[in-house]
Amino acid sequence: MPRKHHHREAAESRRPGLRPFWSGIIAFGLVSLPVSLYVATRSNKVSLRMVDADGEPLARRYFCPNEERPLEADEIVRGYEVEKDQFVVVGNDELDAIAPPKSQEIDLRRFVPAGDIDPMYFERAYFLAPDKGATKPYRLLAKSMEDTGRAGIATCVIRGKEYLIAILSSHGILRAEILRFADELRTPDDIGLPELAKPDAAAVKKIEKAIKAGSRKTLDIDKMADAHAQRLLKRVDEKLKAGEDVIHEPAYAEVEDDEAQEGTEPVDLMAVLKASLEQGGDGARASKRKAAGPRPGGRSRKADRSRDELYQQAQKMDIPGRSKMTRDELARAIRRH
């Protein structure tokens, strides 16, 4: 259930860093509803990075075991393994040729009972916020789907890949769930589970009694914290305060992959949805303009250098294979050099 909204000014103050993951149109009947997709989950897992003894972050590289050396980007191709150690190479031009047609539309033509979708199919969740001028059709679609208990099923192209999605409505808010395809799920037969046997009546009553004793009226998910992560953070804080085992990362800013950062921004999505519904989407667009200021996580302008700038630096350093490297690959090669 959505969190309770704070005062509007407080919500506005948390919105500058928000940005949609995807923008497009939901088409249903004769109505076109422009929307923006916001990642509804974020990873709060406590992660440990691999560094050397001086605090230098380590980079992963592809390594050839036969030649016992790391490979450059222009030496690597993609291959599909048809048999053990036998591959069919697929080039970038071939991948481009079979890529799904670019589209910014979610065409809702099929509606099914929301309860018929097995939770095992759900892979990733997103919130859908209405863009400017789309508040009324957004509310209409959300209410109609919620009143009828239906979910819309469609395909959608995001970043050059086609996904199966379900559009659901809860408390007046539309949510998009990326669904797994049927062949991505295992069945009980795949696992080899034993056949069901008739349980002992006395044992059933004993288990039912235990379930009743542990039953709660609602699920208090907020009280279920990651105890291991909390212990790890506490230990890190203790060592930091004591100045024990503290090493420093070099001053340069690391160039990060935008796609790898998907969903990691500490944002208040409910504030965006509320502002979009109240203002017809003006607030969500204004937040994009404000986002041109300091980047989340304190990343410096050095991390935002274009590929051309990095390529020119790599050219001066005479780094091999630079012409086929991506921006991030160029940045890593420059740091290694």
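In terms of modelled atom types and a separation under 3.5 Å, the side chain of Glu68 and the main chain of Pro65 share no donor-acceptor contact. Asp54 contributes no side-chain N or O that, together with a main-chain N or O of Glu56, makes up a donor-acceptor pair within less than 3.5 Å. Formation of a donor-acceptor pair under 3.5 Å by the Glu67 side chain with backbone atoms of Cys64 is not found in this model. The closest donor-acceptor contact from the side chain of Gln230 to the backbone of Lys234 lies at 3.5 Å or more, if one exists at all. Counting only distance, with no hydrogens or angles, the side chain of Asp52 and the backbone of Gly55 share a donor-acceptor pair below 3.5 Å. Between the side chain of Glu146 and the backbone N or O of His171, at least one donor-acceptor pair lies under 3.5 Å. Under the 3.5 Å distance criterion, the side-chain polar atoms of Tyr163 are left unmatched by any main-chain donor or acceptor of Arg180. The backbone N or O of Gly214 lies less than 3.5 Å from a partner atom in the side chain of Arg216, making a donor-acceptor pair.
Counting non-hydrogen atoms of neighbouring residues, nucleotides and ligands closer than 6.0 angstrom, the OH atom of Tyr62 reaches no more than 12 such neighbours. More than 12 heavy atoms of other shown residues, nucleotides or ligands fall within 6.0 angstrom of atom NZ in Lys239. Remark: Leu196 CG is loosely packed, at most 12 non-hydrogen atoms of other residues, nucleotides or ligands lying under 6.0 Å away.
Linking Ile, Leu, Val, Met, Phe, Trp and Tyr whenever their side-chain heavy atoms come within less than 4.5 Å leaves Leu179 and Ile158 in two separate clusters. Cluster annotation: Phe111 and Leu174 are assigned to the same hydrophobic cluster (Ile/Leu/Val/Met/Phe/Trp/Tyr, side-chain heavy-atom contacts under 4.5 Å, transitive). The hydrophobic clustering, which links ILVMFWY residues whose side-chain heavy atoms are closer than 4.5 Å, places Val157 and Trp22 apart. Using a 4.5 Å cut-off between side-chain heavy atoms of Ile, Leu, Val, Met, Phe, Trp and Tyr, with links allowed through other members, Leu164 and Leu185 fall into the same hydrophobic cluster. One hydrophobic cluster, built from ILVMFWY side chains closer than 4.5 Å, holds both Val31 and Leu108.
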Report the C-alpha distance between Glu208 and Lys206 in whole Å, list the side-chain angles of each, state the deciding distance to 0.1 Å, and finish with yes or no for salt bridge (Lys or Arg N to Asp or Glu O under 4.0 Å). CA-CA 6 Å; Glu208 287 177 347; Lys206 186 176 181 180; over 6 Å; no
Check step by step if side-chain contact (heavy atoms from CB on, under 4.5 Å) holds for Ile173 and Tyr138. CA-CA 9 Å; Ile173 300 298; Tyr138 181 96; 3.9 Å; yes
Walk me through whether Phe127 and Ser36 qualify under side-chain contact (heavy atoms from CB on, under 4.5 Å). CA-CA 8 Å; Phe127 284 120; Ser36 291; over 6 Å; no
Could you give me the CA-CA distance, side-chain angles and deciding distance for Glu94 and Arg78, then say whether salt bridge (Lys or Arg N to Asp or Glu O under 4.0 Å) is met? CA-CA 11 Å; Glu94 295 173 295; Arg78 295 182 179 89; over 6 Å; no
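In this model, no donor atom of one side chain and acceptor atom of the other lie less than 3.5 Å apart for Ser23 and Asp131. Under the 3.5 Å distance criterion, with hydrogens and angles disregarded, no donor-acceptor pair is assigned to the side chains of Ser144 and Asp147.
Note that CG of Leu193 is 6.5 Å distant from CD1 of Ile191, once rounded to the nearest 0.5 Å. In this structure, the separation between CD1 on Ile106 and CG on Leu33 is 9.0 Å, given to the nearest 0.5 Å. Here the CE atom belonging to Met50 is positioned 7.0 Å from the CZ atom belonging to Arg60, to the nearest 0.5 angstrom. The SG atom of Cys156 sits 11.5 Å away from the CD1 atom of Ile25 when rounded to the nearest 0.5 Å.
Side-chain contact between Ser169 and Arg175 is absent, with no heavy atoms from C-beta onward closer than 4.5 Å. Within the 4.5 Å cutoff, the side chain of Leu128 has heavy atoms near those of the Leu37 side chain. Proximity of Ile178 to Tyr126: side-chain heavy atoms (C-beta onward) are separated by under 4.5 Å at one or more points. The shortest side-chain heavy-atom distance between Asp237 and Lys241 falls under the 4.5 Å cut-off. Looking at Glu72 and Arg61, their side chains come closer than 4.5 Å, going by heavy atoms from C-beta outward. Proximity of Met145 to Leu168: side-chain heavy atoms (C-beta onward) are nowhere separated by under 4.5 Å. The shortest distance between side-chain heavy atoms of Phe63 and Leu71 does not fall below 4.5 Å. Residues Thr155 and Ile165 have side chains not in contact (no heavy-atom distance under 4.5 Å, counting atoms from C-beta outward).
Proximity of the aromatic rings of Tyr38 and Phe21 is defined here by a centroid distance below 6.0 angstrom, and this criterion is not met.
Note on residues 161-174: no pairs pass salt bridge (Lys or Arg N to Asp or Glu O under 4.0 Å), not counting sequence neighbours. Legend: salt bridge (Lys or Arg N to Asp or Glu O under 4.0 Å) pairs involving residues 100-115, not counting sequence neighbours, sorted by first then second residue: Asp107-Arg109.
The heavy-atom pair separating Ile153 from Ile117 by the smallest distance is CD1-CD1, 4.0 Å. Listed here is the closest heavy atom pair of Ala229 and Val46: CB-CG2, 3.5 Å.
Taking a 4.5 Å side-chain heavy-atom cut-off between Ile, Leu, Val, Met, Phe, Trp and Tyr, the cluster of Val88 extends to Tyr80, Val82.
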